[in-house]
Amino acid sequence: MSSWSIQTDGVVSVLTKVQGSAETFAATFTGVETAQTELNAGVGSDILVSSAVAVVDLISSETNRVQGINARILACATGAGDATLAYVNGDEEMAAQTQSAAVQAAESGDLSFFEGGR
């Protein structure tokens, strides 16, 4: 690859959507914590209570896995955002270095910065 071309507006748009989806995902799963009480209140027979308990137990057994998934989503989004910020900052830094080198080259006549001789 000869150059980078990151469209920061596009990255922001995607990361905003990812954040919204991750928050919805987390909020949806958080509601499971009250599921046992709600299921017990809504069922009348022993068979239904047993089924409700089994469903809640299954969901509860997956809590760590779901929290891990959500943590990975957030970590990846944060990493992508940080990488984009570093890219943008790097571009500004490179531009400033090039501008400074241009001023120095104009004063000294030394064009080695632009010829790969840095």
Side-chain angles (χ1 to χ4, degrees):
M1 178 162 66
S2 60
S3 67
W4 289 82
S5 179
I6 297 175
Q7 298 173 351
T8 55
D9 290 346
V11 173
V12 169
S13 175
V14 168
L15 292 179
T16 299
K17 290 177 186 175
V18 168
Q19 180 181 6
S21 296
E23 288 171 356
T24 300
F25 179 73
T28 300
F29 201 80
T30 300
V32 171
E33 295 170 358
T34 60
Q36 181 69 57
T37 304
E38 293 171 14
L39 285 170
N40 287 343
V43 296
S45 70
D46 289 339
I47 293 173
L48 291 178
V49 170
S50 297
S51 298
V53 169
V55 168
V56 171
D57 287 347
L58 173 64
I59 293 170
S60 295
S61 72
E62 296 300 314
T63 298
N64 288 339
R65 185 179 314 218
V66 172
Q67 288 172 341
I69 291 168
N70 203 46
R72 285 180 186 86
I73 292 168
L74 295 174
C76 290
T78 300
D82 288 352
T84 302
L85 183 61
Y87 166 80
V88 168
N89 290 339
D91 255 6
E92 292 171 0
E93 181 180 331
M94 284 185 280
Q97 287 175 351
T98 302
Q99 185 177 24
S100 176
V103 170
Q104 289 176 2
E107 292 172 354
S108 70
D110 179 9
L111 301 177
S112 62
F113 179 90
F114 303 102
E115 297 168 349
R118 295 188 259 178

Side-chain (S13) to main-chain (D9) donor-acceptor, under 3.5 angstrom: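 Pair absent, no side-chain N/O of S13 close to backbone of D9.
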Main-chain N/O of L58 paired to S61 side chain as donor or acceptor, under 3.5 Å: yes
Partners passing side-chain hydrogen bond (donor to acceptor under 3.5 Å, both in side chains) against Q19 (at least two apart in sequence or in another chain): E23
Listed partners of D110 passing side-chain hydrogen bond (donor to acceptor under 3.5 Å, both in side chains), at least two apart: S112
Counterpart residues, salt bridge (Lys or Arg N to Asp or Glu O under 4.0 Å), relative to E62 (two or more places apart): R65
hydrophobic_cluster_shared for V88 and I6, side chain cutoff 4.5 Å: yes
Path from V14 to F25 over hydrophobic side-chain contacts below 4.5 Å: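 Cluster IDs for V14 and F25 match.
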Hey, could you give me the [atom1]/[atom2] distance between [X] and [Y], rounded to the nearest 0.5 Å?
| X | Y | atom1 | atom2 | value |
| --- | --- | --- | --- | --- |
| T78 | L85 | OG1 | CG | 12.0 Å |
| F113 | S100 | CZ | OG | 8.0 Å |
| I69 | N64 | CD1 | CG | 11.0 Å |

Least distance between heavy atoms, L74 atom then A22 atom: CD2-CB, 3.9 Å
A77 versus V18, closest heavy-atom pair with distance: CB-CG1, 4.0 Å
